[in-house]
Amino acid sequence: MHANLFYAEREPEHKLMATVSNGYMATVIGNHYVYLAGVFNGIGTEDPSHRAKIPLPIDIQVVNATTYASALDLECNAFYRRSHVPESDSGPAVHVEQQWFATAPEPSTKLGDDPDDLHVLVHLLVARNDGPQPATLGIRSNTQLGGRPDLHWKPHPSPAPRAMRLHVGNTTKAELPGRSMRASVAKAISVIPDEVVVPAHTQETFAFIFVLCSSIDGEAAPPFTDAPEDAAIANRATRIFGKWWDAHPNPAAVLPEQCRRWSQRSGLGSVEVIGDPDLARAVNSSLFHMLASTTPRSMQASLSPGTLATNAYNGHVFWDSAMWMYPALQFVSPRDAAQLLEYRFHRTHGAASKAASYHAGYKGFMFPWESAYTGEEVCPEWADTGRLEQHISMDIAWAVRQYWLMSHDVLWLRGAWPVIEGIAEWIASRVVRCTRDLAEQAPWASSAPDGVYYCIRGVIPPDEYAVDVDNSAFTNAAAQIALRFASEAARTLGHPRRRWENWAQIAEQMFIPFDARRNIHPEYEGYRGQLIKQADVILMGYPMQHPDIHPDIRRSDLLYYTPRTDPLGPAMTYAMEAVAFLELGMRANASQSFQRSYANIHAPFAIWTETPTGGAVNFITGAGGFIQAVIAGFGGVRFLPGGMDITPHAPFAPAQELRLRRVCFRGVAWDLRIKTNQASLHWPEHPDASCALPHPADTGSPSCALLELATQHRTPLSPGVHIPLALDAGYRIVCA
């Protein structure tokens, strides 16, 4: 069983079909349309804004062909379909393989670049005729879409000498009428004939390409009111179309080029599983689906729960990108992870306008619960989450902090400062002073002698079954971490004390509810043990990594909330339970939760669903949580103020070994091997570009050491070194 090739003799129902994506464009095989990153249609929260369907004749079918095999190739980011056309009056039998892929950019592409390669979707039809006579194959394609179109299309004059159709379309509705433009899209597509002829005793490759360009290409910071002329994007699409054909006179060589580019760019191989093929396939496919939705242009549109290939949740960006996908990507590809933050950095206008829109007129940056292109709130008006689920701003601050702890890139921190400061200012204006009994405050949190604390009222926590509650433990703890980080960042960047001392005071007097009798954190004030939607309080331990929670309380929280969590809720809950149980040495519990953490992956093409019974399809939020369970769970990897912590835990049978390659910290790609009886750490002798930082402190390697936490024994580290590690023991990599 190959861990990177997902094979099917019979294709599944359409919603579980494979996808092709390069982060700029994506589709589900069998669809008659694609989605483009950042191209939405609909009015804000009213319509609401949603991914715009762009019709293309990509579902090319061979007449009278019988499909007998299909495969999703993770190493090439391509989908294959094999079929057989029987002998007929039009010629002998023909063996056909169809190949679909969205072209991968060169691995050297830099953040912010907009390479032409991203704009091409390729369909190759490889036909082999072993007979003595030519064979004629009939071809069908379809561009019909049901419902209202998202764009008004019109043909555009085509100056290209090749067989090409050129159209330009404009979205029907702007996200912010009067304040943002409607997007325009140009598509230059191959003319698809009704039939092709395959000569006798010949294998022939027929290529059809689909080039898409939009008016927001090359832009990062909305809103824009002036769109490029339709002629400009039509000319670019035409140029890319001609350039592709000039560069590929031999269509048979196109797929090998795609495989080379994708294999060099992707994070496949970052987590290797030895001895458990099913787990290996789950890991590889989860990484694949996340990485295939990121590109250097991801600042236009960050990761959405259902990938770029679907319109799940209208294609909007939620807290999922900060708390679930971001940590998984940061472990294996800081460049891709950083792009999720860049998306936020370029959308502070929407965060500021949302903060000011509340009756209290909050200051700073209050990021929307759902955002699309402009960064304004686009959560449907009927949903309470858009108004009350406010922890997303703290989640973004947490992700920014994680990147800083991983990199210690001061120049990057300086660029991130406006967002760090803006979120802290919003929290400071959002909290209210409140009086609470000392017994109600978490014992690890600071106590106020006068009983006056800072509270946050009227929110929805991660448990979305709880609406309009006060003092969510997770929300308040996340606010505390965000304010502490802002204070630390201000000191690091040399800002005067008057700029941050209020944040530090609020952080230390933040009210964190606690039940001393049960030794747990109530999810919120007034919580009485009701069923919760998903992991909530336990997230304070991981991924939030609150430094003050005692293991005894973490254990009590975990055992209290595990049976109170909806078994039909999102998969991330089980991943976080697995991390926590491993951290606490409760392997039997961890094994059960870990198995359930990837039970929502569906054969044959490893497509995630949000819940066991359905929900959003290709749900990479679940994939992100699962990858965290592998790396942060079995590897015990944490980015902390003192360094990168590692606590290796043996994998569960039948897995014999986990190889965590290219875990990035301080610009070094660290390799961690975990077997059933031992572990080891390796600093590769040769640098790995996948972990390179955008602003390295110098051109040499950092000075690092390995600290054994129990004994404080310190071992110097250098490139090429291999260090044995004891299982279940804590270590810390510290770098100067």
Side-chain angles (χ1 to χ4, degrees), residues 22-26 33-42 49 51-58 102-103 105-106 109-122 143 149-191 209-247 295-301 308 343 346-347 372-375:
N22 64 6
Y24 174 78
M25 65 172 74
Y33 54 85
V34 301
Y35 294 118
L36 284 188
V39 178
F40 291 83
N41 189 49
S49 173
R51 290 201 198 281
K53 288 183 177 179
I54 300 166
L56 281 183
I58 52 177
T103 52
E106 287 288 357
T109 302
K110 298 179 181 179
L111 176 63
D113 287 353
D114 184 26
D116 290 344
D117 304 318
L118 284 175
H119 297 261
V120 185
L121 192 152
V122 178
T143 60
D150 285 320
L151 296 95
H152 290 309
W153 294 98
K154 57 185 178 183
H156 200 88
S158 172
R162 298 185 182 274
M164 181 187 80
R165 291 194 176 97
L166 182 64
H167 290 79
V168 175
N170 307 103
T171 52
T172 60
K173 299 174 183 177
E175 194 169 294
L176 302 174
R179 293 171 53 200
S180 66
M181 67 182 186
R182 291 184 297 162
S184 299
V185 175
K187 54 182 181 181
I189 62 179
S190 296
V191 174
I209 69 169
F210 310 88
V211 176
L212 295 171
C213 298
S214 82
S215 56
I216 63 173
D217 295 341
E219 302 290 356
F224 299 101
T225 55
D226 297 317
E229 295 290 336
D230 288 352
I233 58 172
N235 289 340
R236 187 182 185 198
T238 301
R239 177 181 61 77
I240 294 173
F241 187 94
K243 177 182 174 182
W244 189 93
W245 281 106
D246 291 342
T295 71
R297 296 308 310 154
S298 287
M299 61 179 69
Q300 288 181 344
L308 180 57
Y343 168 83
H346 289 282
R347 282 158 179 80
Y373 176 63
T374 65

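The analysis underlying the following values was restricted to heavy atoms, covering all of them including side chains, and did not include hydrogens, waters or symmetry mates.
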Exercise. Are V122 and T103 close enough, and set up right, to give a side-chain contact (heavy atoms from CB on, under 4.5 Å), and what steps lead you there?
Worked result: CA-CA 7 Å; V122 178; T103 52; 3.8 Å; yes
Closest heavy-atom contact between [X] and [Y]?
X    : Y    : value
P115 : H119 : O-CD2, 3.3 Å
A52  : Y35  : O-CD2, 3.4 Å
V191 : M164 : CG2-N, 3.6 Å
I189 : F210 : CG2-CD2, 3.7 Å
R51  : L308 : NH1-CD1, 3.3 Å
V168 : D230 : CG1-CG, 3.6 Å

Is there a side-chain contact between [X] and [Y] in this structure, where contact means two heavy atoms from C-beta onward sitting under 4.5 Å apart?
X    : Y    : value
K187 : P55  : yes
I209 : W244 : yes
W153 : I54  : yes
L36  : L212 : yes
N41  : S49  : no
V185 : I233 : no
D116 : K243 : yes

Problem set entry | D150 side, atom CG; F40 side, atom CZ - distance, nearest 0.5 Å |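 Here the interatomic distance stands at 11.0 Å.
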Exercise. Are S214 and D217 linked by a side-chain donor-acceptor pair shorter than 3.5 Å?
Worked result: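 Yes.
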For this session: Compute whether any side-chain donor of one residue and acceptor of the other, for N170 and S184, lie under 3.5 angstrom apart.
Result: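 Indeed, the side chains of N170 and S184 share at least one donor-acceptor pair under 3.5 Å.
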Exercise. Hey, is the main chain of Y343 close enough, under 3.5 Å, to the side chain of R347 for a donor-acceptor pair?
Worked result: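 Yes, R347 side chain to Y343 backbone: donor-acceptor pair under 3.5 Å.
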Exercise. Should the pair F241 and W245 be assigned to parallel (<30°), tilted (30 to 60°) or perpendicular (>60°) ring geometry?
Worked result: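 If you compare the ring of F241 with that of W245, the planes turn out tilted.
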Problem set entry | Under the side-chain contact (heavy atoms from CB on, under 4.5 Å) test, residues paired with A237 that sit two or more places apart |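 Per chain and number, A237 pairs via side-chain contact (heavy atoms from CB on, under 4.5 Å) with L166, A186, A188, V211, C213.
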